Amino acid sequence: MAESEEEVDVLVQRVVKDIANAFKKNPSIDEIGVILCPEARYNRSPIVLVENKLGVESWCVKFLLPYVHNKLLLYRQRKHWLDREALVDITCTLLLLNPDFTTAWNVRKELLQCGVLNPEKDLYLGKLALTKFPKSPETWIHRRWVLQQVLNQVSTLDHNKNQQQAEAVQADAERNEQLSDRLARTLRQEMKVCSDAAGRYPSNYNAWSHRIWVLQHMARGNVKVLHDELSSMRVWVSMHVSDHSGFHYRQFLLKELIAEICKRPAHTSTSCSPQRGCSTVPEGSPCPHSCSHSNGEPSGQEAGGEEDSHADFTTVLQLFHQEMDLCSDLIQSFPGHETLWSHRRHVFYLWDQWVREHQHSCSRGSDCKLIHLTDPDPGVPEISSQSCAGQGHGVNGQKHASEPMEVDGLFLPDPHNSKRLKRGVLLPCPPTLPTELSFVSSVLGGCCNTEQRHFALAYRKWLDTVIGLQS
Amino acid sequence: MKIYRLQKKVEQSIQEVMSVYKQIHSLPQPTLLREQHYQYLKKGLRHLSDAYECLDASRPWLCFWILHSLELLQEPIPAAVASDVCQFLARCQSPTGGFAGGPGQHAHLAPTYAAVNALCIIGTDEAYNVIDREKLLDFLWSVKQPDGSFVMHVGGEVDVRSAYCAASVASLTNILTPKLFENTTNWILSCQNWEGGLSGVPGLEAHGGYTFCGTAALVILGKEHMLDLKALLRWVVSRQMRFEGGFQGRCNKLVDGCYSFWQAGLLPLLHRALYKEGESELSQQRWMFEQQALQEYILLCCQNPTGGLLDKPGKSRDFYHTCYCLSGLSIAQHFGNMDNHYEVILGKEENRLAPTHPVYNICPEKVAQALQHFLRMPVPEVSRQPGGSGEDRPSDTAAASSSADLQS
């Protein structure tokens, strides 16, 4: 079916308009796709809008894409003029069909910079493109550029605010709240976009890398967000046990969280430094300058460095223990998944490193004894005074109760609930080389899955050769 | 669970291929379909020299993939075609230095790498003369960042591929200075994570493509010994699939023919690095991966019967996979160090490919020839300061799409 150049021109212009109108008609479109339809029928528009799904019939793509692509290139080479609206529509069409076409994103960058487009539009367009092309590198790259513009805007406003000290405090607080609300919303949206893309393509490197970037740029040092992500990811990774990127994300969260916890100075009133400004989501409180405890609770209760470092230690231990527990549970429920074993290695390696680094600082106090990870017998938690509970005296100088902690596989007490820990509840035993070796033995003893056996043996070899040699 | 099911599916399809093969042949004698691949590549080559403005913004990459495949197959490139390619690549060169994905676009490190490699494969004076060395140096400075990394193009993002592209072109054309790569070593080292592999930027997941780029860049800079070589070795050897024989890009992912080069290509680099460190237990005949199994995977599972190579059974052929499957096959066939050369050819002798240079991935003679040519020239003077990320002007190349293949 040969189409004359003129016919193609008319067709394409119609299609581009149809797409633009579809968005005007339904601003809640949440997914795009190509409808397999090799021939045009009944002279109908190839653009189909059903509920919130936008479809393009496949027969028109071969006309649409080269034509629109070419038009844009000609515009770029100044051989053909396109007004702003046409540019917006054309780039939108192009990017929904081929989001790796950098030129189109660049045109939109220019439109954004001169105020014709608002950043939300591009975030929305990108989100749609990712429903069909969840890996698209250029889409993720452009997304980060847009977010950076948003962050720059916000911190400019913040900077201006700081300078205008004469202004009413009330107006300041409100504007602050608006900014932090906006950032919090943007953060949540990004997490959702990453999550959706991760679900659409297994082990989606670009989606997870983006997620990490977002946290690093929009929630730096925000312990609450890190904790929340760690909790909300439990379910996800439990349903995607081969998704190496998902577990790597957990490793990242763990590392950041621990770094933040250990960074806290030993004294209590730490106000969020003004330099950090509002370009990161403040820690769960309406006023960005209130200080909060490492796990999101209001501080001001305890005094003294040692007790704080003990609390830190217990929080860190909690985190590692929970992670190892999650890992064990998944390894046992889903035999033969290499990612789970790889995750276990990483968590254990992190723990091992952390213990080595903190051995010195922790042995300052006579009470706080750390177990060397290669000790033959760390002892049973309820009995041994050498156990990870550490101090002989609780925060208030009382001895520890011998009440064992509820350890039920995945469901350990919420790490936010540090108060409970301070009242002297016993802590779980830290992971050690012997406990890991016995875990391997128990897996080998119980399983008949060849892959599982292989991974268990490989883990043991790694423990012996890599970890064992370090001590 | 999706990955798990996919893995099982892939293993099944490969099992089918292997059993069909064994049914037809009493003794497995896998054959490299030389003639078919040559025809496929020849057709692709014809379109390379077309002058029309093409939609494809990866033209320098196509030049490299096709030319390198032909040189591995030891098929000559007609002089007229070589000249056409030179002229085309000249049009892809930006007036401000470096090469772009297509004529009239902005320079980008990936097509720059591809263009320089392609020109070195052609290896004529005409080819070498295409490269404007002074401007190329300017371009490299314009994408250099204070922390030692490079952005892929002005206004673009950083990742470790850029360091490799920069180091490769700078060393081949003799424009490399220590100042140009100041802090680069440390930046690349920070990309090595606990797993032993390298990630795209520090802090991310280890990945085959990025690991190769980071390691090869360090080899060029003479700093590969600063990596945790043992950890890297552990990581890469774990990436060879026990059942399929080919390599995966990351833990728990599916096999892909292109990793035959990105992953297996690390073993020659590591072998040499460990040898330089005084490692005494190294083999004198074999790389530290199953060479035969990789060859089997490529020959039995990655060939399109009508020519061209591919990711895995069921996927379509393309020039990228043709290039990297053949490159991986070459690595698996040839063991070599300073003192000796040892071959392991699976199947007929005709399956033998030319050896490839494990750092640049063009034939070693072409590397030597280029170095010889450019080392006669002085290193150009720097005409501008490092660009940082000053210019926000976006760059019009979609060349990232080809290197996106590294990210799957």
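Computed from a predicted structure; not experimentally measured. Chain letters run A, B, ... following the sequence lines, proteins first and then strands; every chain starts at 1. For the numbers below, each heavy atom of this structure counts, side chains included, while hydrogens, waters and symmetry mates do not.
With a threshold of 4.5 angstrom between heavy atoms, Glu205(B) approaches chain A through its backbone and through its side chain. For Arg144(A), the part sitting under 4.5 Å from any heavy atom of chain B is the side chain, from C-beta outward, and nothing else. When heavy atoms are compared at a cutoff of 4.5 Å, Phe247(A) does not approach chain B at all. Residue contact with chain B, scored on non-hydrogen atoms closer than 4.5 Å, involves the side chain of Trp462(A) exclusively.
The candidate from Ala458(A), Ser342(A), Ser245(A) with the greatest count of non-hydrogen atom pairs under 4.5 Å with chain B is Ser245(A). Of all the listed residues (Gln251(A), Lys255(A), His454(A), Arg345(A)), the one sharing the greatest number of non-hydrogen pairs under 4.5 Å with chain B is His454(A).
Under a cut-off of 6.0 angstrom, the local environment of CD in Glu290(B) is sparse, with at most 12 non-hydrogen atoms contributed by other residues, nucleotides or ligands. Shown here is Lys230(B), whose NZ atom has no more than 12 heavy atoms of other residues, nucleotides or ligands within 6.0 Å.
We find the CD-OG1 distance between Gln105(B) and Thr103(A) to be 5.5 Å, quoted to the nearest 0.5 Å. Annotation: the span from Ile141(A) atom CD1 to Asp159(B) atom CG amounts to 8.0 Å, rounded to 0.5 Å. The distance from the NE2 atom of His106(B) to the CG atom of Asn106(A) is 8.0 Å, given to the nearest 0.5 Å.
Summarising the geometry of Val241(A) relative to Asn252(B), their closest heavy-atom pair is O-OD1, 4.5 Å, with the distance given to 0.1 Å. When every heavy atom of His248(A) is checked against every heavy atom of Gly203(B), the shortest pair comes out as CE1-O, 3.3 Å. Here the closest non-hydrogen pair linking Gly200(B) and Tyr205(A) is N-OH, 3.2 Å.
Between Arg242(B) and Glu451(A) the shortest side-chain heavy-atom distance falls below 4.5 Å. Using a 4.5 Å cut-off on side-chain heavy atoms (C-beta onward), Gln7(B) and His337(A) make no contact. Annotation: side chain of Arg234(B) is in contact with side chain of Val466(A) (closest heavy-atom distance under 4.5 Å).
Ring orientation note: the planes of Trp194(B) and Tyr349(A) are tilted relative to one another, at an angle of 30° to 60°.
A salt bridge (Lys or Arg N to Asp or Glu O under 4.0 Å) with Glu338(A) holds for exactly one of Arg250(B), Arg239(B), Lys253(B); it is Arg239(B).
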